[in-house]
Enquirer: 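Dropping a structure here in structure tokens format, bear with me for questions.
This is a predicted model, so every value here is computed, not measured. Proteins come first, then strands; the chains are lettered A, B, ... in the order of their sequence lines, and each starts at number 1. What's counted below: heavy atoms across the whole structure, side chains too, no hydrogens, waters or symmetry copies.
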Amino acid sequence: MPAPAKLSTKQRLQINRQKMTEQDPLVRNANFGEVNLGLPEKVALLEAERCLLCKDPKCITGCPVGVNIPRFVELLSQGNLPEAAQCLLNDNALPAVTGRVCPQETQCEIECIRGNKGLPVAIGYLERYVGDWARTHSDQQSLQVASPSGKKVAVVGSGPGGLTAAGELAKCGHDVTVFEALHKPGGVLVYGIPEFRLPKKIVQEEVGRLERSGVKIVCNTVIGRTYTVPELREQFDAVFIANGAGLPVFMNVPGENYKGVYSANEYLTRVNLMAAYQFPRSDTPVLQGQRIATVGGGNVAMDSARTAKRMGAESSMIIYRRTRKEMPARSEEIHHAEEEGLQFEFLVAPVEVVGNEKKWVTGLKCVRMQLGEPDASGRARPIIIPGSEFVVPCDVVVVAIGTRANPLLTATCPDLKLNKWGNIIVDDNCMTNLPGVFAGGDIVRGAATVILAMGDGKRAAKAMNEYLLSVQA
Amino acid sequence: MHSIVAKAQLSPNVTRLDVTAPRIAQIRKPGQFVIVRRGEDAERIPLTIADADAAAGTIALVIQSVGKSTQELVALKPGEAIADIAGPLGHPTELIASGRALCIGGGVGTAVVHPIAQGLKRCGVAVLSIIGGRSKEWVIFESELRQLGEVVVCTDDGSYGRHGFVTDAAKDALAAGGIDVVYAVGPVPMMRAVVNVTKPLGVRTIVSLNPVMVDGTGMCGGCRVGVGGQTLFACVDGPEFDGHLVDFDLLMDRLGTYRDFEQRALAACKDGTCKVGLK
């Protein structure tokens with residue numbers, strides 16, 4: 001197809017930001033189908049025309065994996081999807097995933113020049129469009145297979161960080177094996193992020209693409225138990241540790257072990273990975289509360305509370321100790337949660353889980369908060385208002401206040417340097433204190449985002465490739 | 001996939017499956033467990049590694065069929081396979097280096113005691129096992145334990161061995177003296193009863209806890225147990241703990257979380273909507 005004539009900047013400025021089609025909020029809050037339905041081709045091409053093709057594009061600097069945004073958007077606007085896909089995949093191993101779960105509004109889109117006067121280019125929508133084209137047209141893409149380097153690399157964890165590193169390392173010709181503790185690859189993409197935000201089929205297809213490029217994935221292998229890092233190091237020329245954040249943090253309040261209190265990890269794992277929403281067709285159950293209170297204000301809290309609504313809860317509440325403004329969740333998720341009829345209790349913090357004589361949860365005793373001076377995170381510190389105790393009646397509580405480093409791997413690799421929270425210490429190249437052992441993602445950062453883990457995976461892969469070449473020399 | 005190489009019915013509701021898992025067979029230690037997932041749509045179930053043959057590359061899983069998931073597992077035949085086995089998980093048993101140990105097993109818990117007794121024997125520790133069941137046909141692992149030391153069998157109805165509970169036999173053994181440590185695995189009321197006997201005597205007692213688990217690697221926190229006033233995760237902090245510090249009421253209570261679901265799953269089986277027996 002011949003490229004259409006280029007639009008002038010003035011013509012581009014006249015195009016308004018296109019809208020994503022969504023499932024109706026009051027329909028979708030009762031099903032697990034995807035919320036965002038994607039852009040039709042015409043709309044995607046039109047949105048791509050909004051890009052001003054800046055000479056000095058700021059959007060790229062906002063992207064943790066440095067996607068060449070103007071280039072793939074330009075190719076898209078020309079209708080050249082094979083090359084747009086190739087361009088995007090060069091920089092990002094999982095575009096159909098990041099197109100759905102990245103907080104674009106604080107990364108690439110916030111840097112977009114069009115945002116200075118009006119709305120930025122919908123980079124996330126376009127990435128999703130091209131990423132989806134790539135995964136459904138694998139026959140139209142040539143696989144880049146480098147000549148074998150003769151080096152073997154182990155990647156610990158098949159979440160976003162591990163998969164990204166694996167893809168990059170395979171591109172360099174290394175023989176890559178990814179070890180996953182669970183029975184399915186994908187890490188947080190399959191156990192944590194719900195189907196309605198990221199269909200599992202998409203994760204499988206992205207994993208499939210990596211496997212076709214030569215990456216081997218071995219499930220049911222718990223590094224720290226089945227093999228230790230020193231054992232891996234004997235078998236492999238380099239190791240990348242991306243085993244995630246791991247252990248859920250609980251509130252440490254009375255009543256927290258009553259029946260009906262879940263960590264968000266457990267609640268989401270039961271519903272997503274183990275398909276508890278299909279019980280008894282699937283074997284794993286999950287308590288179906290009528291009134292579910294989710295504690296926390298991040299993406300995981302939104303995912304849990306929205307999942308609870310879909311599981312049939314009459315009322316699904318978010319309990320957050322600051323205000324809407326301070327919530328760390330992606331703005332689209334908060335907006336979607338509001339549309340779906342979730343209730344928000346702001347400036348409220350739990351102090352006790354209340355239960356009946358049979359130790360089933362019956363409520364969450366809370367206090368009201370007010371905001372004080374900014375704390376170390378730069379957000380206003382919540383302060384308890386004395387005498388403000390009240391009970392939120394509920395039958396299930398989901399605790400989504402974060403995770404901490406899982407010591408399973410590090411405890412069996414005693415020479416690895418950790419910080420006081422148990423996270424692995426790395427240099428700018430993601431290298432640990434042990435030669436040939438690299439680490440990235442949540443096990444280094446503490447709980448963060450998919451894309452930051454992917455950024456680490458990419459940076460680590462580059463450094464590992466250099467390391468492997470230097471060892472060879 | 002993990003092929004079933006041998007299958008044996010040990011008691012009316014306890015089945016032993018020997019399955020291929022070469023790496024786990026090679027490195028497993030007493031007290032460790034695996035997470036087993038039979039296949040698509042199946043639950044992840046924690047099962048103690050009751051025995052292993054490193055040369056043959058097999059591990060022994062001893063399963064009490066109580067719900068749909070365990071019934072489906074024990075319906076598997078030799079030659080068929082289990083999709084997923086992950087492990088070995090949990091901390092190995094804290095074995096004493098010398099002296100005399102009392103190993104107490106109740107019901108299916110006797111299979112969990114077996115690898116502990118194996119480990120103790122290897123350390124040169126003298127092992128006295130007290131094992132029990134409702135009646136003769138419910139006693140398991142007797143001959144295996146006899147190879148590792150003296151065994152006292154107790155049955156609730158007196159149909160075999162000593163008439164009475166394992167705790168009665170344990171009291172006598174402890175009264176005779178010379179026991180350095182007790183390992184007790186069985187139903188929660190049995191472990192609690194053993195601890196009630198050993199605590200006043202000040203004899204160290206290790207118990208193995210079996211709370212509900214999903215991943216078995218510390219990620220979900222579903223296996224929260226109370227130990228010495230602290231909340232710990234049985235999968236990564238245990239599964240064995242100092243019995244004198246364990247909150248058995250909490251364990252018992254949390255084990256009941258999914259009782260209604262278990263019945264619904266079994267009812268669905270009877271309707272013919274599940275896969276038991278369709279093989």
Enquirer: I'd like to verify something: which residue of B:Asp260, B:Val214, B:Val34, B:Ile35 has the highest number of heavy-atom pairs under 4.5 Å with chain A?
Expert: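 Option with the top pair count is B:Val214.
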Enquirer: Answer yes or no: is there a side-chain heavy-atom contact under 4.5 Å between A:Lys359 and B:Leu250?
Expert: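 A side-chain contact is absent here, since even the closest heavy-atom pair is not under 4.5 Å.
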Enquirer: Should the pair A:Asp283-B:Arg38 be classified as a salt bridge under the 4.0 Å nitrogen-to-oxygen rule?
Expert: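 Yes, charged N to carboxylate O under 4.0 Å.
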Enquirer: Is it the backbone or the side chain of B:Ile85 that comes under 4.5 Å from a heavy atom of chain A, or both, or neither?
Expert: backbone
Enquirer: Sort B:Val36 into side chain, backbone, both or neither according to what part of it lies under 4.5 angstrom from a heavy atom of chain A.
Expert: neither
Enquirer: Would you say B:Lys29 has more than 12 foreign heavy atoms packed within less than 6.0 Å of its NZ?
Expert: no
Enquirer: Given heavy-atom pairs under 4.5 angstrom as the criterion, report whether the side chain, backbone, both or neither of A:Leu268 touches chain B.
Expert: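 It is neither, since no heavy atom gets under 4.5 Å.
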Enquirer: Using a cut-off of under 4.5 Å on heavy-atom pairs, state which of B:Glu262, B:Arg28, B:Arg44 scores highest against chain A.
Expert: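 Highest number of pairs under 4.5 Å: B:Arg44.
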Enquirer: For B:Asp84, does its backbone N or O pair with a side-chain atom of A:Asn220 as donor and acceptor, under 3.5 Å?
Expert: no
Enquirer: Under 4.5 Å from any heavy atom of chain B, what part of A:Leu408 do you find: side chain, backbone, both or neither?
Expert: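 The answer is the side chain of A:Leu408.
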Enquirer: Would you give the length of the straight line joining atom CH2 of A:Trp360 to atom OG1 of B:Thr257, rounded to the nearest 0.5 angstrom?
Expert: 5.5 Å
Enquirer: Looking at A:Glu256, is its backbone amide N or carbonyl O close enough to the side chain of B:Arg224 to form a donor-acceptor pair, meaning the two atoms are under 3.5 Å apart?
Expert: yes
Enquirer: Go through A:Leu182, A:Asn252, A:Val399, A:Thr403 and name the one with the most non-hydrogen pairs under 4.5 angstrom from chain B.
Expert: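 So the answer, after comparing A:Leu182, A:Asn252, A:Val399, A:Thr403, is A:Leu182.
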Enquirer: Which one of B:Ser69, B:Ala86, B:Gly67, B:Gly216 has the most heavy-atom pairs closer than 4.5 Å to chain A?
Expert: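 Counting heavy-atom pairs under 4.5 Å, the top option is B:Ala86.
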Enquirer: Side chain, backbone, both or neither: which part of B:His2 has an atom under 4.5 Å from a heavy atom of chain A?
Expert: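 For B:His2, no heavy atom lies under 4.5 Å from chain A.
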Enquirer: Go through B:Leu89, B:Asp215, B:Ile27, B:Val236 and name the one with the most non-hydrogen pairs under 4.5 angstrom from chain A.
Expert: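 That would be B:Leu89.
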Enquirer: I'd like to know which of A:Ala181, A:Ala245, A:Gly244, A:Gly246 tops the heavy-atom pair count under 4.5 Å against chain B.
Expert: A:Gly246
Enquirer: For A:Val261, is it the side chain, the backbone, both or neither that has a heavy atom under 4.5 Å from a heavy atom of chain B?
Expert: both
Enquirer: Please report the interatomic distance OG1(A:Thr284) to OH(B:Tyr258), rounded to the nearest 0.5 Å.
Expert: 9.5 Å
Enquirer: Please give me the minimum heavy-atom distance between A:Pro248 and B:Phe233, naming the atom from each residue.
Expert: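 Taking A:Pro248 first and B:Phe233 second, the nearest heavy atoms are CD-CE1, 3.9 Å.
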Enquirer: Based on non-hydrogen pairs under 4.5 Å, which of A:Leu273, A:Val286, A:Thr221 is most in contact with chain B?
Expert: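 If we count pairs closer than 4.5 Å to chain B, A:Val286 comes out on top.
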Enquirer: Which atoms of A:Tyr267 are under 4.5 Å from chain B, going by heavy atoms: the side chain, the backbone, both sets, or neither?
Expert: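 It is neither, since no heavy atom gets under 4.5 Å.
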Enquirer: Working to the nearest 0.5 Å, report the span between CZ of B:Arg259 and NZ of A:Lys259.
Expert: 8.5 Å
Enquirer: Does a side-chain heavy-atom distance below 4.5 Å link B:Met219 with A:Ser263?
Expert: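 No, their side chains stay 4.5 Å or more apart.
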Enquirer: If I compare all heavy atoms of B:Phe261 with all of A:Phe279, which pair ends up nearest, and what's the gap?
Expert: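 The answer is O-CZ, 3.4 Å.
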Enquirer: Quick one: what part of A:Thr269 sits under 4.5 Å from any heavy atom of chain B, side chain, backbone, both or neither?
Expert: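 Side chain of A:Thr269 only, per the 4.5 Å heavy-atom cut-off to chain B.
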Enquirer: Please classify the contact of B:Ile24 with chain A as side chain, backbone, both or neither, using a heavy-atom distance under 4.5 Å.
Expert: neither
Enquirer: For A:Glu231, is it the side chain, the backbone, both, or neither that has a heavy atom closer than 4.5 Å to a heavy atom of chain B?
Expert: side chain
Enquirer: Report the distance from atom CZ of B:Arg23 to atom CZ of A:Arg225, rounding to the nearest 0.5 Å.
Expert: 13.0 Å
Enquirer: Is there a donor-acceptor contact under 3.5 Å from the side chain of A:Asn406 to the main chain of B:Gly218?
Expert: no
Enquirer: Could you verify whether a donor N or O on one side chain and an acceptor N or O on the other, from A:Asn257 and B:Thr231, lie under 3.5 Å apart?
Expert: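 Present: a donor and an acceptor within the cut-off.
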